[in-house]
Protein chains: 2
Amino acid sequence: MKKRISLKDIADAVGVSVSLVSYVLNNKGKENRVAEETAKRIREVAKELNYRPNQIARSLKSQRSQSIGLIVADISNPFFANLARTIEDEAHTKNYTVIFGSSDENHVKLKKVLDFLTTRQVDGFILAPTHGCKETIIELQEQNIPFVLIDWYFEGLFTNYVIIDNFQASLDATNHLLKRGHQRMVLDFIPVGIIHFKDRVRGYETALKKGGYRFGR
Amino acid sequence: MKKRISLKDIADAVGVSVSLVSYVLNNKGKENRVAEETAKRIREVAKELNYRPNQIARSLKSQRSQSIGLIVADISNPFFANLARTIEDEAHTKNYTVIFGSSDENHVKLKKVLDFLTTRQVDGFILAPTHGCKETIIELQEQNIPFVLIDWYFEGLFTNYVIIDNFQASLDATNHLLKRGHQRMVLDFIPVGIIHFKDRVRGYETALKKGGYRFGR
DNA sequence: CTGAAAGCGCTAACAC
DNA sequence: GTGTTAGCGCTTTCAG
């Protein structure tokens with residue numbers, strides 16, 4: 001039954017103070033002029049004892065958890081799963097961990113998950129908004145927790161977000177169809193006033209008008 | 001710029017000690033006979049100030065991070081993404097958070113991710129082994145970190161694992177084909193000595209023999 | 001019924 | 001060059 005090794009264990013083994021060990025293991029030894037010999041001993045013992053820093057303690061001190069919360073509608077949805085993978089890779093290279101949560105497109109659940117992860121002190125969120133979550137987003141802003149929205153944004157709400165260019169995509173799609181000679185088409189969408197649907201309608205309409213076609217609702 | 005609210009903030013606001021606040025907010029007030037009136041005040045103020053416990057501090061004290069590491073080959077693979085979702089739901093109900101990592105079926109990367117998450121003090125792992133990771137698994141055991149293997153296990157290694165019944169599945173599949181009148185079939189598999197492939201061959205062979213058919217390699 | 005204080009593992013300012 | 005100490009936010013023992 002091995003216990004986890006702490007800085008103190010190393011300090012005791014080498015016969016120095018914890019702070020020295022901390023300095024050396026964080027490579028701050030240079031500036032603090034730690035004796036090369038001591039540094040070497042410390043590094044050796046740390047390795048021998050298989051020391052793993054305790055990120056929790058570190059986080060408490062630094063006030064940064066080095067983790068981000070990823071909230072999507074459903075992590076088992078391929079679109080989000082792919083996203084998750086990319087985010088994971090990027091996060092890991094920056095020494096960040098990613099904790100995920102699914103909202104099921106339900107703003108009540110979204111809030112619950114957000115709260116859950118906030119308690120875990122995530123440093124920020126990447127989240128896919130759900131219908132009706134505007135209030136929650138505003139609260140997030142007020143709490144000063146960094147976040148970026150994906151796949152969706154709110155008109156009149158100043159937030160970071162990354163989405164596709166719905167207008168351009170719709171424009172291109174319509175033009176593509178027109179070019180192939182299709183003149184009668186219908187744009188199907190959910191009429192809930194969501195910004196990206198508006199953009200898509202606009203793209204569709206623009207392409208039609210530019211081509212000299214009729215646009216009706 | 002709101003700062004995060006701590007127990008001390010509440011204590012100061014109410015005019016009591018932090019310990020009292022801690023008791024009340026953890027519902028240990030009953031046993032410790034906290035005055036109903038005081039308890040009420042504390043709860044009110046906590047709500048007003050929108051207090052969120054700091055799980056990091058809690059973890060440092062309790063030595064449990066309330067999080068589990070999920071390591072799969074690739075989180076964007078639908079099989080694993082589905083698994084992830086189920087695990088997430090279950091974990092959240094138990095007040096556990098799940099941190100994920102992908103190994104890309106590479107045992108070197110697996111070890112790296114394991115190490116990364118170990119530093120974060122996850123309480124345990126759910127992991128899909130990769131080829132060649134036996135050594136790493138043994139180290140995990142030696143470090144006394146709880147884990148359960150999924151989709152794969154090692155012969156001669158005493159670990160928890162959850163897999164499908166490869167033998168039965170293969171037996172059923174073979175029987176199904178035989179029943180439909182298919183007598184010439186071939187079982188294709190990767191000959192790397194992985195336990196579940198062995199089981200599948202065994203199921204296949206058993207079905208064939210039982211049916212009185214020839215089994216050759 | 002309530003508070004003081006120690007300690008979880010780590011960092012960093014400061015002292016020697 | 002190295003050690004002491006305070007403190008991150010919380011829980012919990014022990015006093016009062």
Side-chain angles (χ1 to χ4, degrees), chain A residues 2-43 45-46 49-67 95 118-123, chain B residues 2-43 45-46 49-67 95 118-123:
Chain A
K2 288 192 192 175
K3 77 186 260 283
R4 295 188 74 70
I5 300 299
S6 73
L7 284 186
K8 184 158 190 332
D9 296 319
I10 301 177
D12 289 349
V14 179
V16 293
S17 72
V18 253
S19 44
L20 255 225
V21 181
S22 173
Y23 279 136
V24 173
L25 263 26
N26 288 306
N27 292 316
K28 302 206 172 160
K30 260 293 177 33
E31 311 134 35
N32 284 276
R33 305 149 287 165
V34 175
E36 192 45 53
E37 184 57 29
T38 319
K40 209 177 134 211
R41 279 283 293 140
I42 291 175
R43 268 189 272 270
V45 175
L49 264 35
N50 194 30
Y51 172 70
R52 292 280 171 277
N54 182 329
Q55 177 65 34
I56 297 221
R58 212 177 247 181
S59 290
L60 184 59
K61 179 75 185 164
S62 67
Q63 306 285 53
R64 327 186 70 245
S65 65
Q66 296 286 124
S67 68
N95 197 33
T118 300
T119 291
R120 312 314 254 248
Q121 314 296 118
V122 296
D123 292 336
Chain B
K2 289 192 193 173
K3 75 185 262 280
R4 295 189 75 71
I5 301 298
S6 73
L7 285 186
K8 183 159 190 332
D9 297 318
I10 301 177
D12 288 349
V14 179
V16 293
S17 71
V18 252
S19 38
L20 248 261
V21 181
S22 173
Y23 279 136
V24 173
L25 265 25
N26 288 307
N27 293 315
K28 304 209 172 157
K30 262 292 180 29
E31 310 135 37
N32 286 274
R33 307 146 287 165
V34 175
E36 192 43 55
E37 184 57 31
T38 319
K40 210 177 133 212
R41 281 282 295 136
I42 290 176
R43 267 189 274 268
V45 174
L49 264 35
N50 194 30
Y51 172 70
R52 291 280 172 279
N54 183 327
Q55 177 64 36
I56 298 223
R58 211 176 249 181
S59 290
L60 184 59
K61 180 73 186 165
S62 68
Q63 305 286 50
R64 328 186 67 245
S65 65
Q66 296 287 123
S67 69
N95 196 34
T118 301
T119 291
R120 312 312 252 248
Q121 311 299 120
V122 297
D123 292 336

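Labels below follow one simple rule: chain letters A, B, ... track the order of the sequence lines, proteins then strands, and each chain is numbered from 1. Fair warning: this is a prediction, and the values are worked out from it, not measured in the lab.
Protein atom CD of Q66(A) is 20 Å distant from nucleotide atom P of dG9(C), rounded to whole Å. Regarding I42(A), its CD1 atom lies at a distance of 12 Å from the C1' atom of dG3(D), rounded to whole Å. Distance, R64(A) CZ to dC10(C) C1': 16 Å, rounded to whole Å. The distance between atom CD of E37(A) and atom C1' of dG1(D), rounded to the nearest whole Å, is 13 Å.
Proximity of a side-chain donor or acceptor of Q66(B) to a complementary backbone N or O of N95(B) within less than 3.5 Å is detected. Although no hydrogens or angles enter the test, the distance criterion places a donor-acceptor pair under 3.5 Å between the side chain of S59(A) and the main chain of R64(A). Judged purely by atom type and a 3.5 angstrom limit, N26(B) has no side-chain atom pairing as donor or acceptor with the backbone of Y23(B).
R52(B) and N54(B) share no donor-acceptor pair across their side chains, judged by distance under 3.5 Å alone.
For the atom pair CD (Q63(A)) and CG (D123(A)), the distance works out to 10.0 Å, reported to the nearest 0.5 Å. Note that the CG atom of L7(A) and the CG atom of L20(A) stand 11.0 Å from one another [nearest 0.5 Å]. In this structure, CZ on R43(B) lies 10.5 Å from NZ on K40(B), to the nearest 0.5 angstrom. Note: Y51(A) OH to T119(B) OG1 = 8.5 Å, rounded to the nearest 0.5 Å.
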| field | Sugar-phosphate or base contact per nucleotide [nucleotides 5-12 of chain D; S, B, -; heavy atom under 4.0 Å] | value | --BBBBBB

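Taking five base pairs at each end of the helix from dC1(C)-dG16(D) to dC16(C)-dG1(D) and finding the rotation axis that steps the C1' atoms of four pairs onto the next four gives two axes whose angle is 60°, to the nearest 10°.
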